[in-house]
Q: 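Handing you this structure, nothing more for now.
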Amino acid sequence: CFILLERHGNREILLKRRAEILHALCSSGSGEHLEGVVDMLLAQGELGWEDYQNVLVPGRALYSNARQLLDLVYTKGADSCGLFFSAVKQYVQQRQESGSSLEQKKQVLTKELPVQIMTHSYQQYKTYWGLLCLTFCLLYPSFPLEFVKYQKKLRISVSAQSRFLSTYGGTSHMPLDDIYTEVQLELPNNSAEIYKSMGFEDIVGPVGTVNEDADTVLVSGEAGSGKSTWLQKLHLLWAQGSTLQDFLLLFPFSCRRLNSEHKDLSVQELLFQHCCWPDREQEEIFQFILDHPHLVLFTFDGLDELKQSFVDEHRICCPNQRAPVHVLLFNLIQGSLMKGVRKVVTSRPEAVAPALKKHLHKEVHLKGFSPSGIDCFVRKHHSDPNEAAMVLESLQANTALLGLCHSPVLCWIVSQCHKELLGCGEGSPQTVTDVYLMILQHFFQRHSTFKLSIGVSWLQQNLGTVLHLGQLAFEGISNFSYIFSVADLEIYGVTESDICMGFLIQSKNMSPAHSKYYEFLHVTMQCFFAAIYVILSSNTGRSAIPKLFELQDMKKNSAGCACFGACLHSSNTQKILEEHSTTAETPNLQITATFVSGLLSQRYQKLWLHCSSSVLVGKKARQAARCLSKGMQQHFRSIPQPVQGEKKSMHAMPEFVWLIKCIYEMQESRIAKDAMSKLEVDHLKLTYCNIGPVECTALAYVLKHLKYPVGLQLDNNSVGDVGVEQLLPCMQICNSL
Ligand code: ADP
């Protein structure tokens with residue numbers, strides 16, 4: 001065993017074969033082997049006295065001491081790993097000479113193994129390890145059996161959780177396998193060829209690795225780009241035995257659900273209580289996990305939804321130590337806990353704290369559907385091929401809408417609302433707000449048992465439901481709450497018939513098992529309802545709209561979100577202030593503000609008639625327009641004066657793109673013109689701004705009002721062919737692209 005290790009001796013083998021090495025060092029139950037190896041390393045000068053004392057801590061478990069040694073050697077680098085293996089070999093030779101019983105046992109084992117072990121091919125090397133593991137299983141028969149049972153139970157539970165897509169919960173039970181459509185995954189700064197073929201195995205494989213020592217892979221993407229669904233598919237494929245089979249155990253977590261865990265937990269409790277409870281031998285199974293980190297995969301969906309943003313402060317190294325769940329999570333991600341276990345985390349890009357970046361093994365961007373993905377999804381969604389063809393035709397006729405459909409959540413809405421879409425002819429949706437209003441109307445009409453009275457709008461007819469859900473959504477966004485108990489629903493007057501409309505779905509896997517919890521179909525739907533509430537609510541203070549748009553300032557102020565809640569008289573302000581000493585950045589407020597812009601558009605003024613005071617809505621619309629213009633001016637003022645002889649250049653920040661999108665949602669050229677009137681630059685740099693086709697539509701809409709020609713730089717985004725087409729309206733003002 002050790003001769004072979006030496007031959008392949010590097011850090012990877014130390015990590016991958018950690019369990020076997022630990023067994024070899026500790027399975028006799030006596031510390032003599034470990035001490036022997038440490039003595040060798042000490043004699044060679046590879047370990048100092050301080051290291052020696054850190055490793056051989058009297059009274060600490062033997063396995064923990066051995067683990068400490070492996071961690072130390074691993075951290076020191078490849079050379080130390082090599083020296084470690086030769087120390088082990090030297091020790092083994094000495095023991096052989098003195099005829100120790102353990103070595104006799106090992107010799108017997110080795111003799112029984114096939115002769116191929118001495119050859120070098122990787123497959124045979126794997127076979128060798130397989131045989132060795134098997135031999136260990138025969139030697140220690142009690143726990144692997146329990147382990148196998150546990151693994152089976154976990155697979156069944158993961159499969160049950162991931163088989164159906166929840167957005168279809170209200171309408172039909174849609175098996176994920178039937179509707180899942182490939183999404184685009186992209187490595188930052190990498191060529192297009194690689195990401196097109198990036199499968200689930202590649203996510204944990206070597207491609208795109210930036211930090212060998214880190215265990216965490218981040219999959220980032222905008223809200224609705226398909227992160228949760230992609231992860232759900234990964235879970236399902238693993239449970240079905242089709243992918244990532246090198247991982248014997250997969251523990252899936254949802255950060256949204258972890259928010260509801262208020263007790264301090266140890267890693268063991270976190271795994272077993274939140275994922276799957278072992279019926280027997282909990283300690284042994286957990287020990288197996290500790291000993292075989294390379295066989296285990298953790299996934300954390302929606303890091304952006306965790307109430308606390310990532311910090312690298314409170315370190316925990318002991319898997320038995322209890323701590324608040326977010327502290328455990330941060331330690332798992334950065335590797336102080338469960339080093340060697342691969343972790344896959346999804347998040348929105350805006351919410352990825354800079355401190356997290358250095359702990360990433362790699363980062364992958366999820367970019368939603370490709371043009372052929374849209375086609376494929378629509379065909380899967382509609383069992384009638386004629387219907388699918390008609391939807392696709394109407395998308396081709398409206399490229400702005402086609403651009404929106406790169407986002408899977410919007411593609412889903414458009415497909416759900418195909419009847420409305422096909423019936424609306426010229427007036428088909430252009431903006432995200434249009435699309436969400438379409439699904440709102442669609443859901444209400446689906447449940448309406450009586451015809452609308454003459455002169456009463458659909459919104460008026462359903463005003464009660466909209467207000468209840470709106471307030472629930474709004475309070476949730478202000479409090480970082482995405483899951484609601486029955487008691488929460490009661491507070492905001494949400495009734496059984498409101499629930500039946502289908503905007504809320506029952507949360508899966510929430511403990512305690514018998515009480516019901518709800519969440520919005522999708523977080524963007526929650527933002528949309530919150531935006532409607534901002535417009536309809538008469539108890540909004542004067543500062544609600546400015547607060548919503550002044551996100552820049554709010555980010556600097558850790559209590560910003562709470563202030564937003566406060567200006568709508570949120571009852572929980574004090575509690576929020578106490579809980580969120582480190583407030584997570586809040587892309588949800590940006591999405592809400594984008595919807596507010598769209599809903600306050602001149603085009604929708606009629607919608608609010610008889611639902612709210614027109615004077616008040618008009619006032620809010622003017623406020624929003626002023627905020628957008630002010631936000632733009634602030635951006636422009638920050639442009640440094642050009643060095644003499646050089647062109648004046650502006651490097652836009654992501655907030656600039658967000659402001660542009662808000663202006664586009666309003667669909668009022670007056671505002672776009674006003675915003676662009678004061679911009680005088682020769683060069684507009686929009687690199688790394690997460691620009692896709694949707695952003696291109698908005699950019700063209702606003703930039704075409706520029707007074708002077710500009711050079712537009714869009715490298716390192718995902719513009720694509722559809723995006724380029726969207727940019728055409730502003731081509732006459734671009735002197736280079
Ligand atoms: P995110 O987690 O990025 O916010 P979701 O995964 O929740 O996005 O996607 C939102 C909705 O879009 C899903 O509920 C589903 O209806 C649809 N969707 C997303 N990805 C896919 C996919 N790969 N195949 C089919 N539908 C998808």
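Just so you know, ligand 1 is whichever comes first in the structure, and atom 1 is the first atom listed for that ligand.
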Q: With the side chain counted from C-beta on, respond yes when Phe377 and Ile179 share a heavy-atom pair under 4.5 Å apart, and no when they do not.
A: yes
Q: List the residues meeting side-chain contact (heavy atoms from CB on, under 4.5 Å) with Thr431, not counting sequence neighbours, and say none if there are none.
A: Thr433, Asp434, Arg603, Tyr664, Glu665, Gln667
Q: Is a side-chain donor-acceptor pair under 3.5 Å present for Ser507 with Glu519?
A: yes
Q: With hydrogens left out, which residues have an atom under 4.0 Å from ligand 1, given that only heavy atoms count?
A: Leu165, Thr167, Tyr168, Ile179, Tyr180, Thr181, Val183, Glu222, Ala223, Gly224, Ser225, Gly226, Lys227, Ser228, Thr229, Phe369, Phe377, Pro408, Val409, Trp412, His522
Q: Locate the shortest heavy-atom distance separating Leu236 from Arg163; write the atom from each residue and the value.
A: CD1-CG, 4.0 Å
Q: Where do Ser347 and Val352 come nearest, in terms of heavy atoms and distance?
A: OG-CG2, 3.8 Å
Q: Would you say that more than 12 heavy atoms from the other residues, nucleotides or ligands in this model lie under 6.0 Å from the CD of Gln245, or not?
A: yes
